[in-house]
Amino acid sequence: MENRLDRAFQQDRSRRVIPFIEAGDPDFNTSLDLVKLLDGEGVSAIELGVPYSDPLADGPVIQAASERALAEGMTLPKVLQLADAARAEGVRAPLVLFSYYNPILRFGPARLVQQAEAAGIDGMIVPDLPWEESEELSRFAGERGLHLVPLVAPTSRERIRQIASRAKGFVYCVSSLGTTGVRSAFADGVEAFLDTVKQHSPVPIAVGFGISRREHVDRFMAHADAAVVGSALVRQVEERREELQDPSKRRAALDGLRLFIRDLIGEKQD
Amino acid sequence: MSEKKMSEQAVDRPGRFGAFGGRFVPETLMNALNELENGFRSAVEDPEFRKELSYLLQEYSGRPTPLTLAEGLTEYAGGSRIYLKREDLNHTGAHKINNTLGQGLLARRMGKKKLIAETGAGQHGVASATVAALLGLECKVFMGEEDVRRQRLNVFRMELLGAEVISVTSGSRTLKDATNEAIRYWVSHVEDTFYLIGSAVGPHPYPEMVRHFQRIIGDETRAQLLEKEGRLPDDVVACVGGGSNAIGMFTPFIADGGVRLHGVEAAGEGLDTDRHAATLSRGTPGVLHGSLSYLLQDEYGQVLEAHSVSAGLDYPGVGPEHACLKERGRVRYTCAEDREALEAVRLLSRTEGILPALESAHAVAEAVKLAGEGSFDSLLVICLSGRGDKDVETIRSELGGE
């Protein structure tokens with residue numbers, strides 16, 4: 001069984017980016033259009049954030065997006081529908097579900113993995129499930145050919161080898177201490193941290209948390225295979241949410257988002 | 001096996017109480033939790049640490065707290081003889097100080113000079129600020145904006161003690177969100193900051209550590225009752241929010257099969273409304289604040305808001321060991337409504353001259369029912385976890401100024 005993530009980082013381009021969107025912010029159809037837009041720009045993979053009432057790894061931008069998406073009625077099953085709809089419309093980029101553990105536990109890990117695979121999801125990131133707690137979900141995912149993508153942090157130290165050496169899909173490296181969100185500076189030693197992860201990982205590595213500009217992406221491309229851009233993109237969506245929901249302004253708003261992505265990664269070259 | 005080993009054996013594998021507990025936190029915190037666990041284990045084996053903690057519990061907090069025979073309440077209930085374990089007589093007015101002294105000394109021993117804590121009504125915040133002042137540590141207390149508004153006096157108390165109170169504006173702006181924000185802050189400052197959790201909740205080793213520091217309640221009760229009555233109690237009753245006073249009280253009795261243990265949650269405006277905090281009665285297994293336990297949640301795993309007139313019980317989660325004790329059937333979990341707790345406040349005030357905290361009043365309400373069914377030679381102990389001075393405003397408005 002082939003997993004789209006296995007070839008995701010072979011793209012020959014100078015900047016490989018994994019955008020994160022909060023599914024359902026501002027609404028289901030806009031999220032679907034965003035996934036299509038991002039796929040069209042040649043991103044390496046797309047993270048679909050599942051809104052949660054208590055997102056304790058997230059900073060204020062994604063917290064607020066999560067609240068808006070919940071108010072909009074977004075749920076884990078609807079995020080799966082979103083992935084399914086994206087595949088039906090020809091989206092080819094790897095799709096990665098980003099969810100806190102409780103919605104997964106409530107849905108049932110085995111059932112989730114089965115339905116996620118059927119919906120065309122390639123991987124999962126669960127920010128509050130360290131590897132000691134991940135055995136069950138990891139096993140179910142493995143049986144269905146999905147990758148449970150592990151996270152490592154600058155404080156992981158000796159855990160880096162344990163976690164990275166058995167990683168599937170890619171390793172998500174947390175750039176610095178703290179929650180998701182835009183930062184003015186990264187911790188000293190972040191490059192050395194990435195190099196250590198790279199050394200132990202049999203799969204590509206991506207770096208995230210605080211990456212908001214093209215210069216950040218460029219800075220990390222020498223040390224990682226891709227950069228995750230979350231809060232910066234979510235904020236762009238937030239700033240345009242009224243336009244996105246107004247039929248007469250929607251196209252211009254989507255074009256604005258396309259420009260933001262192009263500014264991060266450049267024009268698609270192929 | 002020693003008695004202590006017997007009663008604490010519920011930790012089946014590292015950090016688990018049966019299926020419950022564990023560590024569901026961002027990777028950034030995992031090494032800090034390992035260090036905390038090692039620091040805790042080495043501290044409790046260290047005679048110097050134990051000596052200093054005992055000294056402070058005795059000379060600073062006023063332990064041992066009395067076990068008072070409640071003659072007036074016994075007469076009112078008309079059955080079992082009722083004793084009150086007087087945690088309300090601790091410094092700062094509740095059992096919370098047992099744990100904050102323990103964790104505060106541990107923080108200092110681990111070389112951490114900055115404490116953070118979450119608080120609902122402010123009791124744990126005050127106890128944390130108190131210990132920080134005593135030990136010369138910095139202290140930041142996270143408190144939901146809604147609670148800051150409701151508990152202005154406690155905010156002032158914490159500030160008077162030198163703590164910084166951070167008003168949390170995310171989510172429902174109560175204890176659940178204050179805890180989220182404390183965890184977020186900890187993720188950013190994990191290298192020099194000690195997170196002092198106030199209840200038997202959170203990722204391993206917190207539930208076990210909080211139990212360890214709170215079991216002095218049950219240890220004293222057991223010894224005091226043996227001395228006064230020459231035997232163990234028939235019933236022990238404690239209120240359960242996160243469940244720290246209850247686990248502290250229950251732990252030394254768990255191996256005593258003849259002692260019936262009762263945990264009382266807040267039924268708020270009624271179990272059949274959506275305004276209650278009866279996590280064990282109405283919740284389902286789920287993950288909140290780092291551990292797997294029971295949880296008030298919707299069908300999609302979104303955490304619901306809890307409600308109780310008592311801010312200390314107003315929490316949609318519960319300590320993982322309580323979930324395990326429920327499933328094992330060792331503790332009977334029940335609940336009391338807001339109006340029953342308010343009635344119990346008045347009852348204990350009038351029969352004993354003791355104004356209980358609204359939290360503790362939930363235990364009093366259940367105890368009166370149980371004692372009424374008991375015979376005159378049976379013994380019942382209530383964990384009176386705190387005093388009600390902090391609740392006078394709430395009680396006045398709820399009881400209509402009577």
Side-chain angles (χ1 to χ4, degrees), chain A residues 50-60 63-64 66-67 70 73-79 99-108 112 126-134 150-160 162-163 171-181 183 187 209, chain B residues 13-16 19 21-35 168-172 176-193 202-204 283-293 295-305 316-317:
Chain A
V50 177
Y52 182 50
S53 55
D54 295 80
L56 51 74
D58 284 303
Q63 285 174 45
S66 194
E67 280 187 35
L70 285 174
M74 187 44 84
T75 61
L76 178 54
K78 284 188 191 167
V79 181
S99 176
Y100 286 85
Y101 191 49
N102 198 51
I104 295 175
L105 193 63
R106 188 75 174 142
F107 193 82
L112 173 72
V126 187
D128 56 349
L129 196 70
W131 72 264
E132 285 90 337
E133 304 288 356
S134 69
L151 292 106
V152 291
T155 51
S156 296
R157 300 194 295 271
E158 74 286 355
R159 296 168 55 83
I160 290 174
Q162 289 171 299
I163 297 168
V171 179
Y172 190 133
C173 306
V174 176
S175 69
S176 37
L177 302 186
T179 52
T180 58
R183 287 159 168 71
F209 281 43
Chain B
R13 56 187 161 112
R16 290 285 179 154
R23 271 184 191 160
F24 298 85
V25 294
E27 169 61 26
T28 303
L29 297 179
M30 288 301 283
N31 262 325
L33 291 170
N34 286 330
E35 281 161 19
V168 174
T169 56
S170 58
S172 60
K176 170 176 83 85
D177 308 283
T179 308
N180 288 338
E181 212 53 44
I183 294 173
R184 289 182 186 120
Y185 182 90
W186 199 34
V187 173
S188 306
H189 300 84
V190 62
E191 282 163 333
D192 66 353
T193 299
H204 176 62
T284 46
V287 167
L288 178 65
H289 299 147
S291 67
L292 174 62
S293 184
L295 182 59
L296 296 177
Q297 57 183 326
D298 73 10
E299 61 177 307
Y300 299 110
Q302 306 295 341
V303 182
L304 298 172
E305 280 180 41

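Just so we're on the same page: letters track the sequence lines, and every chain starts at 1.
A/P127 touches chain B through its backbone: at least one of N, CA, C or O sits under 4.5 Å from a heavy atom, while the side chain does not. No part of B/E305 comes within reach of chain A, as not one of its non-hydrogen atoms sits under 4.5 angstrom from that chain. Contacts between B/L304 and chain A at a heavy-atom distance below 4.5 Å are absent for every atom of the residue. Interface remark: B/T179 contributes no atoms to any contact with chain A (heavy atom separation under 4.5 Å). With a 4.5 angstrom heavy-atom cutoff, A/I104 does not touch chain B via any of its atoms.
Taking each heavy atom of A/E133 and B/G22 in turn, the nearest pair found is OE2-CA, 3.3 Å. The two residues B/V287 and A/Y52 make their nearest non-hydrogen contact at O-OH, 3.6 Å. Smallest separation of non-hydrogen atoms from A/L151 and B/E27: O-CG, 3.5 Å. Taking both residues in full, the closest heavy atoms of A/S53 and B/V303 are given as OG-N, 2.9 Å, listed atom of the first, atom of the second, then distance. For A/P130 against B/M30, the heavy-atom pair with the smallest separation is CG-SD, 3.6 Å.
A distance of 6.0 Å separates CZ of A/R159 from CG of B/N31, quoted to the nearest 0.5 Å.
Among A/D54, A/V174, A/L177, A/V126, the residue with the largest count of heavy-atom pairs under 4.5 Å with chain B is A/D54. When each of A/P55, A/P150, A/P60 is checked for heavy-atom pairs under 4.5 Å with chain B, A/P55 comes out on top. Looking only at heavy-atom pairs under 4.5 Å with chain B, the residue among A/A57, A/A153, A/G178 that has the most is A/G178. Looking only at heavy-atom pairs under 4.5 Å with chain A, the residue among B/V25, B/N34, B/N180 that has the most is B/V25.
For B/R184 (side chain) and A/D58 (main-chain N/O), a donor-acceptor pair under 3.5 Å exists by modelled atom type. With hydrogens and angles disregarded, a donor-acceptor distance shorter than 3.5 Å links the side chain of A/T155 to the backbone of B/T28. Put simply, the side chain of A/R106 never gets that close to the backbone of B/T284: no donor and acceptor are under 3.5 Å apart. Not a single donor-acceptor pair under 3.5 Å links the side chain of A/D128 to the backbone N or O of B/F24. The backbone N or O of B/G286 lies less than 3.5 Å from no partner atom in the side chain of A/N102, so there is not a single donor-acceptor pair.
Side chains of A/L56 and B/V187 form no contact here, defined as non-hydrogen atoms less than 4.5 Å apart.
No salt bridge links B/R16 with A/E132; every basic N to acidic carboxylate O contact stays at or beyond 4.0 Å.
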